[in-house]
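Counting begins at 1 with the first residue of the sequence. Below, each value reflects all heavy atoms present in this structure, side chains not excepted, and no hydrogens, waters or symmetry copies.
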Amino acid sequence: LIRGSWESLGKNKVPHGVIMFSRLFELDPALLSLFHYSTNCDSKQDCLSSPEFLDHVTKVMLVIDAAVNHLDDLHSLEDFLLNLGRKHQAVGVSTQSFTVVGESLLYMLQCSLGQAYTAPLRQAWLNMYSIVVGVMSRGWAKKGDDKAD
């Protein structure tokens with residue numbers, strides 16, 4: 001289900017990523033303050049038109065792409081995802097924000113897939129996202145442990 005739904009979306013990552021991040025900023029506008037580029041992200045539109053931010057969108061979509069491509073062996077991405085969690089902790093992202101990102105991902109899938117977005121497909125994506133975020137959260141917490149040592 002995941003691979004089939006991602007096949008068309010993965011070929012056109014940035015527009016789908018923009019939908020996802022637009023929703024993210026609607027759900028939690030405070031997240032805009034985490035993005036510091038040569039173009040300030042004072043508003044959602046400022047961010048979404050910033051080349052640096054669009055580069056970030058591409059990177060996020062590539063992480064999703066990697067998860068989809070390694071569905072049968074998500075464990076192979078563990079070190080990468082642990083490090084990604086540490087990086088997010090270092091820049092001030094809370095683990096609660098991972099939940100909002102998940103909601104935004106599901107929203108993008110629903111918008112982009114239309115009637116092909118079914119309850120079983122939603123659950124499959126939720127399952128994959130939960131695994132990815134679980135590993136990232138462990139990396140996030142590990143970074144905090146390192147600071148306490």
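- Put simply, the side chain of Asp55 never gets that close to the backbone of Pro51: no donor and acceptor are under 3.5 Å apart.
- Nearest heavy atom pair, residue Ala30 against residue Ser33, reads O-OG, 2.8 Å.
- Contact of the Tyr129 side chain with the Val101 side chain is registered, since non-hydrogen atoms from C-beta on lie closer than 4.5 Å.
- The two atoms that bring Leu34 and Gly92 nearest to each other are CD2-O, 3.8 Å, heavy atoms only.
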Which pairs of donor and acceptor atoms, one on a side chain in residues 78-85, lie under 3.5 Å apart (sequence neighbours left out)?
unit_1	atom_1	unit_2	atom_2	d
Glu78	OE1	His75	ND1	2.8
Glu78	OE2	Arg138	NH2	2.3

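- Hydrophobic clustering, with ILVMFWY side chains joined whenever heavy atoms are under 4.5 angstrom apart, keeps Leu62 apart from Ile19.
- A search for side chain to side chain contact (heavy atoms under 4.5 Å, CB included) contacts involving Ser94 returns Gln96, Ser97, not counting sequence neighbours.
- Applying the salt bridge (Lys or Arg N to Asp or Glu O under 4.0 Å) definition to pairs two or more places apart or across chains, none involves residues 105-117.
- Annotation: side chain of His56 is in contact with side chain of Val60 (closest heavy-atom distance under 4.5 Å).
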Would Leu106 and Glu103 count as a side chain to side chain contact (heavy atoms under 4.5 Å, CB included) here? Give the steps. CA-CA 5 Å; Leu106 294 174; Glu103 291 173 29; 5.9 Å; no
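- With sequence neighbours left out, Thr95 forms a side chain to side chain contact (heavy atoms under 4.5 Å, CB included) with Phe98, Ser137, Trp140.
- The salt bridge (Lys or Arg N to Asp or Glu O under 4.0 Å) analysis of residues 1-10, with sequence neighbours excluded, yields the pairs Arg3-Asp72.
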Between side-chain atoms of residues 9-18 and protein atoms elsewhere (two or more places apart, or another chain), which donor-acceptor pairs fall under 3.5 Å?
unit_1	atom_1	unit_2	atom_2	d
Lys13	NZ	Gly10	O	2.5
His16	ND1	Ser112	OG	2.8

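- Lys44 is linked by a side chain to side chain contact (heavy atoms under 4.5 Å, CB included) to Ser22, Phe25, Glu26, Leu48, counting only residues two or more places apart in sequence or in another chain.
- Contact record, Ser104 with Leu27: OG-CD1, 3.8 Å, taken as the closest heavy-atom pair.
- Among residues two or more places apart in sequence or in another chain, the salt bridge (Lys or Arg N to Asp or Glu O under 4.0 Å) test is passed with Asp73 by none.
- Annotation: the span from Trp6 atom CH2 to Leu121 atom CG amounts to 12.0 Å, rounded to 0.5 Å.
- To the nearest 0.5 Å, atom OG1 of residue Thr58 and atom CZ of residue Phe53 are 10.0 Å apart.
- Two residues are said to be in side-chain contact when any heavy atoms from C-beta on lie closer than 4.5 Å; Ile64 and Met20 meet this criterion.
- How far CD of Gln89 is from CE of Met136: 11.5 Å, rounded to the nearest 0.5 Å.
- For residues 113-127, every residue pair satisfying the side chain to side chain donor-acceptor pair (under 3.5 Å) rule, not counting sequence neighbours, is listed here: Ser5-Trp125, Gln123-Asn127.
- In this structure Leu74 satisfies the side chain to side chain contact (heavy atoms under 4.5 Å, CB included) test together with Ala67, Leu77, Met128, Ile131, sequence neighbours excluded.
- The minimum heavy-atom distance linking Cys47 with Leu32 is given by the pair SG-CD2, 3.8 Å.
- Between the side chain of Tyr107 and the backbone N or O of Arg23, no donor-acceptor pair lies under 3.5 Å.
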